[in-house]
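So the structure is just underneath, and the comments pick up after that.
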Amino acid sequence: MAYWLFKTEPDTFSIDTLRIQQVSCWEGVRNYQARNMLRDDIRIGDLVLIYHSSCKNVGVAGIAKVVREAYPDHFAFDPESDYFDAKSSPENPRWVMVDVEFVRKTKRVIPLGVLKAMPELSELALVKKGNRLSIMPVSEQEWQAIFSKEELGNSAR
DNA sequence: GCCAACGTTGGC
DNA sequence: GCCAACGTTGGC
C-alpha cells in the first residue's frame with residue numbers, strides 16, 4: 001500500500017464534501033506528471049492525504065482511501081465543464097481520475113506552516129519551493145511524521 | 001490583489 | 001529543439 005497527497009480547493013470540494021458523499025471521483029487533474037501517477041501508480045487501498053489549498057486555512061484536512069483505479073475523466077468531454085479539454089475524447093481519453101472514499105478528518109487542519117517546519121518533510125514536493133503538483137507521493141516515514149503533528153494542530157503556528 | 005514559480009504553447 | 005510569451009497555481 002502506498003501513500004499520496006491530493007490537493008483540493010475547499011471552496012470547490014473539501015473534506016466535508018467528501019464526508020457527505022462518502023465516495024467521490026477525483027476529477028479535473030490536468031497536469032501530465034500528476035496524470036501519470038493516477039494512471040500508473042495509484043492503487044486500490046492506497047491512502048490519501050486531503051490537502052486544502054488556496055483558502056484561509058491551508059493544510060492537511062483529512063484522509064481518504066482509493067476505491068477505484070484510473071478510468072477516463074469524462075468531465076474532459078463536456079464542453080460545459082470547467083475541466084473540458086477539446087483534445088480529449090472518449091475514443092482517446094487524455095485525462096484519468098480515480099475514486100476515493102472518505103476515511104476521516106484530521107482533528108484539526110495540520111497547517112502548511114507546520115509541515116514546512118518539519119525536517120522530515122524536506123523532500124516532500126508540497127513544501128519544496130514553487131511546487132505546484134496537485135498529486136504527489138508521500139513516504140510512510142513522511143506520513144507518520146505528519147500525523148505526529150496532528151494533536152498540535154493549529155496551535156503550532 | 002500581488003507576484004514568484006512553474007507548465008504550456010507556438011513561432012522559428 | 002529552442003525559448004519567449006503567456007497562462008495558471010497557490011501562498012501570502
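Note that the coordinates shown come from a computational prediction; the quantities given were computed from them, not determined experimentally. To find a chain, count down the sequence lines: A is the first, B the second, and so on, and within it residues start at 1.
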Round to the nearest Å and state the distance from [X] atom [atom1] to [N] atom [atom2].
| X | N | atom1 | atom2 | result |
| --- | --- | --- | --- | --- |
| I135(A) | dG10(C) | CD1 | P | 11 Å |
| L5(A) | dT9(C) | CG | C1' | 15 Å |
| R30(A) | dT8(C) | CZ | C1' | 14 Å |
| Q33(A) | dA5(B) | CD | P | 18 Å |
| N131(A) | dG10(C) | CG | P | 8 Å |
| Y32(A) | dT9(C) | OH | P | 14 Å |
| L126(A) | dG11(C) | CG | P | 8 Å |
| N57(A) | dC12(C) | CG | C1' | 14 Å |

W95(A)/F77(A) aromatic ring centres below 6.0 Å |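 No, the ring of W95(A) stays outside the 6.0 Å limit from the ring of F77(A), centre to centre.
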Parallel, tilted or perpendicular: which describes the rings of F13(A) and W26(A), with under 30° parallel and over 60° perpendicular?
->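 Rings of F13(A) and W26(A): perpendicular, over 60°.
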Verify side chain to side chain donor-acceptor pair (under 3.5 Å) between D99(A) and Y71(A), making sure each step is shown before the conclusion.
-> CA-CA 9 Å; D99(A) 288 355; Y71(A) 61 105; 2.4 Å; yes
Strictly below 4.0 Å: does [X] bring a side-chain N or O up to OP1 or OP2 of [N]?
| X | N | value |
| --- | --- | --- |
| K7(A) | dG10(C) | yes |
| Y51(A) | dT9(C) | no |
| K87(A) | dT9(B) | yes |

Selected nucleotide, minimal atom distance to L112(A) side chain, candidates dG7(B), dC12(C), dG10(C) |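 Between dG7(B), dC12(C), dG10(C), the one nearest the side chain of L112(A) would be dC12(C).
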Is a salt bridge present between K105(A) and D16(A), judged by a nitrogen-to-oxygen distance below 4.0 Å?
->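 Looking at K105(A) and D16(A), the cut-off is met.
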What is the nucleic acid contact for K116(A), judged by heavy atoms within less than 4.0 Å: base, sugar-phosphate only, or nothing?
->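 Sugar-phosphate, no base atom in range.
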